[in-house]
Student: 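Sharing a structure with you now.
A, B, ... follow the sequence lines: proteins, then strands. Residue 1 opens every chain. Scope of the values below: all heavy atoms of this structure, side chains included, with no hydrogens, waters or symmetry mates.
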Amino acid sequence: MAPPGPECRLVPHVPDHLSSSQAVAQQAFLRGLSRGECYQAEAPTLWDVTFRTAVAQAELEDRERPGAYHRIAFEPAADMEEKTGSYASVYIETTRPELLPACVALVAHPDDERYQHLFGTHVRTPLFGVEVPVVAHHLASPDKGSGIAMICTFGDVTDVTWWRELRLPTRPVLGWDGRLLAEAPEGITSPEGVAAYGELAGLTVFSAQQRVVEMLREAGVLDGEPKPTQHPVKFFEKGDKPLEIVTTRQWYIRNGGTDRALNDALVARGSELDFEPDFMRVRYENWVRGLTGDWLISRQRFFGVPIPVWYPVLADGSPDYDHPIVPSEDALPVDPSVDVAPGFDASQRDVPGGFTGEKDIMDTWATSSLTPQIVCGWRDNPGLFAATFPMDLRPQGQDIIRTWLFSSVVRSHQEHGTLPWKHAAISGWILDPDRKKMSKSKGNVVTPMGLLETHGSDAVRYWAAAARLGTDAAFDEGQMKIGRRLAMKVLNASKFVLGATGIATVAAESLEEGLRATAHVTTSAPVTEPLDRAMLAALADVVDTATAALSAYDHTRALEVAETLFWTFCDDYLELVKTRAYDGAAPGEAIDPFAPCSPGAASARATLTLALHTFLRLFAPVLPFATEEVWSWFQEGSVHRASWPDSARVRAVAGEDTPGAPLLAAAGEALSVLRKVKSEAKVSQRTEIASIDLLVPEAKVAWVRAAEADLRAAGRVSAMQIVDASLALEPGVDGLAPEDGSNDEIADPTVMRTENARLAE
RNA sequence: GGGCCCUUAGCUCAGUUGGUUAGAGCACUGCGUUUACACCGCAGGUGUCGUCGGUUCGAGUCCGGCAGGGCCCA
């Protein structure tokens, strides 16, 4: 008995690229059909009574539901009485008494001494008077209830296992509408049994349960009152009524759920795949190893990719499901409810001797599992396919390892004998601010639109980019504010760089001039100043680190190192070279990038420009809008199509053996202590320092000296003495007594500090 | 019941093969308005690295037990 399909099908207009994905889905189905991987079977099927469609194992979830154990007496049949010499009833406990008419056996654990002598004998079902055997199976739990249970067709998935493995008869009572069938199942033959069933026919599961309990109570076979319990019940993940198991004809794809060799092969495919992070592999293996049936792909829904087959209609008007008619691959996509089966004409639809179209559609994952084939042009672009398949990377969430990832592996394994991609980058959940999983029912879902409006796209993306693969990310607006600050900083620092180099002056006229100016600034003079070379050397190292991190799927580390250096670039380097780069230009004065300037200014300008060009490309994946905006000010095309920074070119400009980060850090530290003098004196950073002694750890002296001029300019220092701190262990060793007394003890010579600061009035 | 991940500053998290005094941002406090930036800058304090034990010259890091949190599967 097939469930009814829709009487007419709504056929939406489908754009070409979608019809091509439909064709791919149908072609893969037909290939599978010809190889025997796709097949149809009349079998117990997980069924959602609300949506009236079959559901696959991957779409199930357990939910705790209240229920009650009903203790019911089964009378012994003649063979049991004879064997035991007793008329004692057998008591079972069940949470689903309404399935009593579907009972086909009682089952206990083979080692359970209480029931061993009963195995092979029979009992009679109460109310319905059907003789059913007592059987043994290891899945029966001796410690649950009375240790013996009734097997019904079908109350749950364990019933299906018992039914299949013990080869029990089928006595279905549930229809696809969630009501008990009109006719009593085979086996109920006695007038009393048929009458009892008549009381239940057409009732919902809920009402049938109430009626059965009344009848059992009246018959005196309900032992005591039902005992309330909580137990896990299978639900369709999108449904709100428990799933039932209904016997229907459905289409399946072999996925290792019924075939050990295929299961092993798919586990082996999983071990070939590079999971990022690696522990996600366990989820895949658990899932594949735990499969209990093939992948059910047919759905009784309206919208979806049609299963591309027709069936001959027999003389009695019924479809001949055993001989499906298939289209040729070049006719795809087809809709069998509209298109005519090959070899027939339209007048022969649904008439004896004619054909009928399959009404079912495919599970959405039956198409999604083919995204690599769709994208790589498997069906219509062999050249592209050869060049791009298998793909490199599947990025996806951890919750769909069992669906999207696994089903893609299944399809690729069957069709191509390979993995669909080499790497799988698995992300975690986005949790609410209290680290709870977001769900509609809890009402803690945050949708992105408001966030994008409040913080900007770059800021939201920055927050998302801070989540490491495989790690859940708590939703954090604070992090978005930081992202926004970074994006603003990129805009402002870029404005400064393009202003101080003069590129902005001519780029405002035309982009060609901007490009010419950029080339001129970065190539017309060498980068000579040690601080500039250090900046570029540090940047080259960061490019290397970020590149390696991205190659290892550690995008957060790539961002982190770029971000850290960028703040140093803004807070220290820009401040240090600002004066030098301006080269005497007055505030507000437009700088001509082509005019001659001092070598120090040329060095700074080349460095600023090269650093900006590099930082923009490092940040482009995370701050796509801010970087693109700046790029448009002085570069052509899109930053997102620009090449990834090349550390070798940056390092070549920096020069061989240039001290990078350490020199930059030492200069930054020196700037910091100069600022501290003013901060502690509670005066403006603009205040002049008339004279100061800078005590520098021995190892850093040369680096600080190399940046001395820039330090004096940035710190507004008139006279500065740079002293090796290890030679100044005694206060006043340089001949001047400390004025404020704060350094009047032996200081740590490894810490940079100042002495004898004299601020201008 | 089987398995996986997590536990580090008030908060969010780094901490790479074990190796100086465990870091960052936020928040907090104070100061500052500068030739890119107030959606700003500078300076400052903040830790029993869940807990107990083990390995080691040395453990946030490796091993085991326990507790708490989260997840997958049955």
Student: Could you tell me whether A:Y582 contacts a base, only the sugar-phosphate backbone, or nothing, with contacts defined as non-hydrogen atoms closer than 4.0 Å?
Tutor: base

Student: Expressed in whole Å, how much space separates the C1' atoms belonging to B:G19 and B:U12?
Tutor: 29 Å

Student: My understanding is that only residues two or more places apart in sequence, or in another chain, count here; which of them pass salt bridge (charged side-chain N to carboxylate O under 4.0 Å, His left out) with A:D554?
Tutor: none

Student: OP1 or OP2 of B:G44 sitting under 4.0 Å from any side-chain N/O of A:K676?
Tutor: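 Yes, within the criterion.
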
Student: What is the distance, to the nearest angstrom, from the NZ atom on A:K578 to the C1' atom on B:A36?
Tutor: 7 Å

Student: Can you tell me which stems RNA chain B forms, taking runs of 3 or more consecutive Watson-Crick or G-U pairs with both distances under 3.5 Å?
Tutor: B:1-7 with B:67-73, B:10-13 with B:23-26, B:28-32 with B:40-44, B:50-54 with B:62-66

Student: Roughly how far apart, to the nearest Å, are B:G45 and B:G23 at atom P?
Tutor: 12 Å

Student: Could you walk me through whether A:S369 and A:W295 satisfy the side chain to side chain contact (heavy atoms under 4.5 Å, CB included) test, starting with their C-alpha distance in whole Å, then the side-chain angles of each, then the deciding distance to 0.1 Å, before giving a yes or no?
Tutor: CA-CA 12 Å; A:S369 60; A:W295 174 15; 3.8 Å; yes

Student: What's the separation between atom CG in A:L618 and atom CZ in A:F566, rounded to the nearest 0.5 Å?
Tutor: 10.5 Å

Student: Figure out the NZ/C1' separation between A:K678 and B:U33, and round it to whole Å.
Tutor: 14 Å

Student: Are A:L296 and A:V55 packed together at the side-chain level, in the sense that at least one heavy-atom pair is separated by less than 4.5 angstrom?
Tutor: no

Student: A:H423 and A:E276: side chain to side chain donor-acceptor pair (under 3.5 Å), yes or no, with the steps?
Tutor: CA-CA 7 Å; A:H423 311 275; A:E276 296 286 346; 5.3 Å; no

Student: Between A:Y284 and A:F406, how do the two ring planes meet: parallel, tilted or perpendicular, split at 30° and 60°?
Tutor: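 The rings of A:Y284 and A:F406 stand perpendicular, inter-plane angle above 60°.
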
Student: Between B:A67 and B:C52, how far is it from one C1' atom to the other, in whole Å?
Tutor: 10 Å

Student: Grab the CZ-P distance between A:R675 and B:A43 for me, whole Å please.
Tutor: 6 Å

Student: So, using salt bridge (charged side-chain N to carboxylate O under 4.0 Å, His left out) as the criterion, who are the partners of A:R617 when residues are at least two apart?
Tutor: none

Student: Name the residue closer to the 5' end of RNA chain B, choosing between A:D572 and A:A466 according to the nucleotide with the nearest heavy atom.
Tutor: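 The answer here is A:A466.
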
Student: Are any protein N/O atoms closer than 3.5 Å to N/O atoms in nucleotides 1-3 of chain B? If there are, list each pair with its distance.
Tutor:
none

Student: Mind checking whether A:W631 and A:H613 have ring centres under 6.0 Å apart?
Tutor: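 Yes, ring centres under 6.0 Å apart.
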
Student: Passes side chain to side chain donor-acceptor pair (under 3.5 Å), A:D532 versus A:Y573? Steps please.
Tutor: CA-CA 8 Å; A:D532 300 339; A:Y573 179 77; 2.7 Å; yes

Student: Under the criterion side chain to side chain contact (heavy atoms under 4.5 Å, CB included), I'd like the reasoning laid out for A:D458 against A:V490: C-alpha separation, chi angles, the key distance, then a yes or no.
Tutor: CA-CA 11 Å; A:D458 281 352; A:V490 167; over 6 Å; no

Student: Is A:K578 positioned over the aromatic face of A:F496, cation under 6.0 angstrom from the ring centre and no more than 45 degrees off axis?
Tutor: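 A:K578 over A:F496 ring: yes.
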
Student: Determine the interatomic distance between P on B:U21 and the same-named atom on B:G25; round to the nearest Å.
Tutor: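 It comes out at 23 Å once rounded to the nearest Å.
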
Student: When rounded to the nearest 0.5 angstrom, what is the spacing between OG1 in A:T627 and CZ in A:F619?
Tutor: 9.5 Å

Student: Tell me the interatomic distance from A:M488, atom CE, to B:C39, atom P, rounded to whole angstroms.
Tutor: 8 Å

Student: Kindly state which residues belonging to residues 262-277 of chain A come within less than 4.0 angstrom of RNA chain B, counting heavy atoms of the residue only, listed by number.
Tutor: none

Student: Determine the contact category for A:A585: base if any of its heavy atoms lies under 4.0 Å from a base atom, sugar-phosphate if only primed atoms, P, OP1 or OP2 are that close, otherwise nothing.
Tutor: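 Base, at least one base atom sits under 4.0 Å.
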
Student: In whole angstroms, how far is the P atom of B:C6 from the CG atom of A:D472?
Tutor: 12 Å

Student: Have A:S408 and A:R394 got a donor and an acceptor in their side chains that come within less than 3.5 Å?
Tutor: yes

Student: Which comes earlier along RNA chain B counting from the 5' end, the contact point of A:C570 or that of A:K234, where each point is its nearest nucleotide?
Tutor: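 Its nearest nucleotide lies further toward 5', so the answer is A:C570.
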
Student: With sequence neighbours left out, what residues match A:F154 under ring-ring contact (aromatic ring centres under 6.0 Å, His included)?
Tutor: A:W163

Student: With sequence neighbours left out, what residues match A:R269 under salt bridge (charged side-chain N to carboxylate O under 4.0 Å, His left out)?
Tutor: A:E272

Student: Polar atom pairs between nucleotides 60-64 of chain B and protein, under 3.5 Å, N or O only, would you list them?
Tutor:
none

Student: Do we get A:R281 above A:F275's six-membered ring, with its NZ or CZ under 6.0 Å from the centre and within 45° of the axis?
Tutor: no

Student: What contact category does A:D399 fall into here, base, sugar-phosphate, or nothing, at under 4.0 angstrom with non-hydrogen atoms?
Tutor: nothing

Student: Is any side-chain nitrogen or oxygen of A:R281 closer than 4.0 Å to OP1 or OP2 of B:C4?
Tutor: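 A:R281 to B:C4 OP1/OP2: no side-chain N or O under 4.0 Å.
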
Student: Between B:C49 and B:U61, how far is it from one C1' atom to the other, in whole Å?
Tutor: 10 Å

Student: Starting at atom CZ of A:F615, determine the distance to atom P of B:C37, rounded to an integer number of angstrom.
Tutor: 20 Å

Student: What's the gap between B:G41 and B:C37 when it is taken at their C1' atoms, as a whole Å value?
Tutor: 9 Å

Student: Starting at atom CE of A:M480, determine the distance to atom C1' of B:C13, rounded to an integer number of angstrom.
Tutor: 15 Å

Student: Just checking, any donor-acceptor pair under 3.5 angstrom between side chains of A:R675 and A:Q685?
Tutor: no

Student: Is there any protein nitrogen or oxygen under 3.5 Å from a nitrogen or oxygen in nucleotides 25-29 of chain B, and what are the pairs?
Tutor:
| from | atom 1 | to | atom 2 | distance (Å) |
| --- | --- | --- | --- | --- |
| B:C26 | OP1 | A:R485 | NH2 | 3.2 |

Student: Tell me which residues in residues 541-567 of chain A put a heavy atom below 4.0 Å from RNA chain B, sorted by number, or none.
Tutor: A:R557, A:E560, A:W567

Student: Rounding to the closest angstrom, what is the interatomic distance between B:U34 and B:A24 at atom P?
Tutor: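 It comes out at 29 Å once rounded to the nearest Å.
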
Student: Taking the C1' atom of each, how far is B:C11 from B:C28, in whole Å?
Tutor: 12 Å

Student: Mind listing the side-chain donor-acceptor pairs of residues 482-489 of chain A below 3.5 Å, one per line with the distance, residues two or more places apart or on another chain?
Tutor:
| from | atom 1 | to | atom 2 | distance (Å) |
| --- | --- | --- | --- | --- |
| A:R484 | NH1 | A:H455 | O | 2.9 |

Student: Identify, with sequence neighbours excluded, every residue that meets salt bridge (charged side-chain N to carboxylate O under 4.0 Å, His left out) alongside A:D264.
Tutor: A:R260, A:R289

Student: Go through the steps for A:D156 and A:K234 under the test side chain to side chain contact (heavy atoms under 4.5 Å, CB included), then give the verdict.
Tutor: CA-CA 8 Å; A:D156 61 26; A:K234 297 247 180 273; over 6 Å; no

Student: How many angstroms lie between atom CG of A:L405 and atom OG of A:S368, to the nearest 0.5 angstrom?
Tutor: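 It comes to 12.5 Å.
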
Student: How many whole angstroms separate atom CZ of A:R686 from atom C1' of B:G32?
Tutor: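 To the nearest whole Å, that distance equals 11 Å.
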
